[in-house]
Amino acid sequence: MVPPWVFIGAVAVLFPIFAFLTFQNINRERESSSRLLLEKGAALIRAFEAGTRTGMMGMHWSGFQLQRLLTETAQQPDIAYLLVTDPAGTILAHNDPSRIGQKHGEQIDFKRLFESDTVQWRVVGTGDGRKVFEVIRRFIPSSSGMAGHRGGMMFNRLFDAFFEAVPGKAPSGLAIFVGLDMSAVEEAVAADTRHTILMGVILLLIGFAGIILLFLVQNYHAAKTSLSRIKAFSDHVVEKMPIGLLTTDAAGKIGSLNPVGAALLGLERTASLGRTAHDILPRELSAFIFAPQSGHPMEKELECTLGTGEQIPLEVIASRLTTDQGDFLGHLVLIRDLREVQALKKEIARSHRMASVGRLAAGVAHEIRNPLSSIKGFATYFKERYREKPEDQQISGIMIQEVDRLNKVVGQLLDFARPVKIQKKRIKLKPFIEDSVKLIRRQAQEKGVAVEVRAAPEIEGHLDPDRISQVLLNLYLNALEAMEPGGRLFIAASKKNGSGDIEIKIHDTGVGINPEDLAHIFDPYFTTKAAGTGLGLAIVYNILEAHGSAIHVDSRPGKGTTITLVFFE
Ligand code: ADP
Ligand code: MG
């Protein structure tokens, strides 16, 4: 879990620190033990000097034995040896009398030693491998403090005399050497060193553990932040996804519901969370979700009844949520609104049906049209022939009328069935509408209906003029047919506020349309008129559809009808 570079890094950082500290500690240890030994040596020398003085003072010289004092002082523990030499390094007195006369301290600079009263020290090895800490100083049996003392002079004299007894030695100065056994100190230092190293290792381990802990904590934090980032992201995804999402827990309570899902099901989102799905979901949906099933996702189109009683088609995909071990966690449900899709499907089916009906109608219409012209020809012939028989002539007249009507119906049928091809042009609407009104001017006059056109001269439309005049004509005729004498037909073209879209309104003061008929007026062959074909508005619808335009009908029975055409820019 912890990468190897962390170990290497920790060692690289901690080890030099540890080594430096340990080294320094041991050094300090050595220094302080040296100082201790030095002080001990110096104290011994001072004590020995004092002993020498008292030994000589007020006593007979014969009573004073330097050699004996030396031997006795050297009896103290830790003293390896105690000796006095002359400046040439010849031993004058030694706790081991057999060494007297031998040389000692060849490396010592006696001249420097005699220049001051300071103590010098060094570590020397004895023959048997032990180490001795040697403290050296000028030997001053008579100090300045003794100068005024009674018998001081005598003391010096006696002392000198003592040394003179040693043949050929000038007592111009003496050096005293104290050898202190270092083994106890060495042992203590070794023990201390061991202790220091042990402490160091422990500290190293603690530091090491600390670094790893630090790394783990940092790792944990990084993992935690990235986890919360992932969670925020997935929450956002669920929140914003364009289809409804719903989950339930193992007990069938709603665990989550995104806004789209709540809107689709007509539920209050926060209030739904935690409630039993059975109680609040549409019956059909919960029956589907909780149906006994395998683990596979199931997909179905459902007609769901919402709480408001509204029925909406939904596409539902449901699957069981299980852990990797197979423990059941709840259900996951995706919901998609099918209203638009179904409306489109219906529309497509309708246009398919219309297309096939249209082809059939076109074929039939052609077959009818051909014999119609012969029938009309014969009828005209008989009308001429029975000029003197008014009854027969009248029958012939009706025949001609009916043939004309049939011809019109067939013509309209062909219009309706023919696929609409449009060629849009940019035209000024005012003159265009005025021209279209001319076609019905005579009929309007006969009916006693006033026609009014209102359009700003600059308004332009982007449309197929031939097809749209066909549309307008159909709408005018319907309006005229709906009105009694004294009615008003009002046509207006205007820009829809804000956009470049154009509106043409055709308003009449006719009988209006029954609300229950309103849904059917665009259906082919729907008519409420005895002589109607029911194809007029169906043709209008086809042409507008080909333009990508919209048509709105607003009608109040007994008051009138307004039909609005919208041409989008
Ligand atoms: P037709 O005119 O041959 O009846 P249409 O398709 O033109 O067929 O019209 C269908 C029906 O819609 C009409 O029969 C009529 O009932 C109704 N309708 C259409 N326009 C109007 C209108 N301006 N006023 C009242 N009813 C109308
Ligand atoms: Mg009509």
Side-chain angles (χ1 to χ4, degrees), residues 350-351 353-354 357-358 361-362 364-365 368 401-418 420 433 436-437 439-454 466-493 503-547 549-566:
R350 196 181 90 95
S351 55
R353 216 169 39 241
M354 293 296 275
V357 167
V364 173
I368 292 171
Q401 233 178 16
E402 289 299 297
V403 166
D404 279 343
R405 205 177 80 83
L406 204 55
N407 208 20
K408 187 185 119 194
V409 172
V410 171
Q412 270 199 336
L413 178 60
L414 277 174
D415 263 351
F416 170 66
R418 203 182 293 138
V420 183
I433 292 172
S436 72
V437 167
L439 299 174
I440 53 137
R441 185 76 67 190
R442 206 172 53 85
Q443 269 154 293
Q445 258 164 16
E446 277 169 13
K447 225 174 167 181
V449 167
V451 182
E452 191 189 333
V453 175
R454 191 179 296 169
D466 291 341
R467 294 309 211 152
I468 296 300
S469 37
Q470 201 183 346
V471 166
L472 292 177
L473 189 64
N474 271 309
L475 297 176
Y476 298 159
L477 290 176
N478 280 349
L480 288 179
E481 282 160 13
M483 285 189 283
E484 295 297 317
R488 252 181 86 235
L489 175 61
F490 177 69
I491 305 125
E503 264 181 356
I504 300 178
K505 278 185 193 290
I506 297 105
H507 172 75
D508 67 58
T509 55
V511 292
I513 305 167
N514 281 335
E516 56 268 27
D517 290 342
L518 210 53
H520 303 291
I521 57 171
F522 292 105
D523 289 351
Y525 303 109
F526 176 83
T527 181
T528 55
K529 300 165 196 165
T533 62
L535 282 174
L537 288 184
I539 293 169
V540 164
Y541 188 85
N542 277 359
I543 294 172
L544 290 176
E545 193 179 39
H547 272 78
S549 304
I551 179 164
H552 303 298
V553 181
D554 181 19
S555 185
R556 271 184 281 166
K559 296 267 181 192
T561 304
T562 305
I563 295 193
T564 310
L565 312 179
V566 186

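In listed order, ligands and their atoms are each counted from 1.
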Within-cut-off N or O pair, G532 and ligand 1, under 3.5 Å: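 No - when backbone and side-chain N and O of G532 are compared with those of ligand 1, no distance drops under 3.5 Å.
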- prompt: Got an N/O contact under 3.5 Å between G534 and ligand 1?
  reply: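 G534 vs ligand 1: N/O contact under 3.5 Å present.
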Is ligand 1 less than 4.0 angstrom away from at least one heavy atom of [X]?
X: D508; value: yes
X: G510; value: no
X: T533; value: yes

field: Around the Mg ion (ligand 2), number of protein N/O/S atoms which are nearer than 2.8 Å
entry: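 Protein heteroatoms (N, O, S) closer than 2.8 Å to the Mg ion (ligand 2) number 1.
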query: Against heavy atoms of T561, which atoms of ligand 1 measure under 4.0 Å?
result: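 Reading through ligand 1 atom by atom, the close ones are 24 (N).
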Looking at T509 and R488, would you say the former's side chain and the latter's main chain have a donor-acceptor pair under 3.5 Å?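 The answer is yes, because a donor-acceptor pair under 3.5 Å joins these two groups.
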To check your reading of the model: name the closest protein heavy atom to atom 5 (P) of ligand 1, its residue, and the distance in Å.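 Protein heavy atom at minimum distance: L537 N, 3.7 Å.
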Show me the side-chain donor-acceptor pairs of residues 476-484 shorter than 3.5 Å, one per line, residues at least two apart or across chains.
residue : atom : partner : partner atom : Å
Y476    : OH   : S436    : OG           : 2.9
N478    : OD1  : K529    : NZ           : 3.1
E481    : OE1  : K529    : NZ           : 2.5

Ligand 1 versus L475, non-hydrogen atoms closer than 4.0 Å: side chain, backbone, both, neither?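 Neither part.
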Taking side-chain contact (heavy atoms from CB on, under 4.5 Å) as the criterion, tell me which of T561, V471, L472 meets it with I506.
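Going through the options one by one, the only one that passes is L472.
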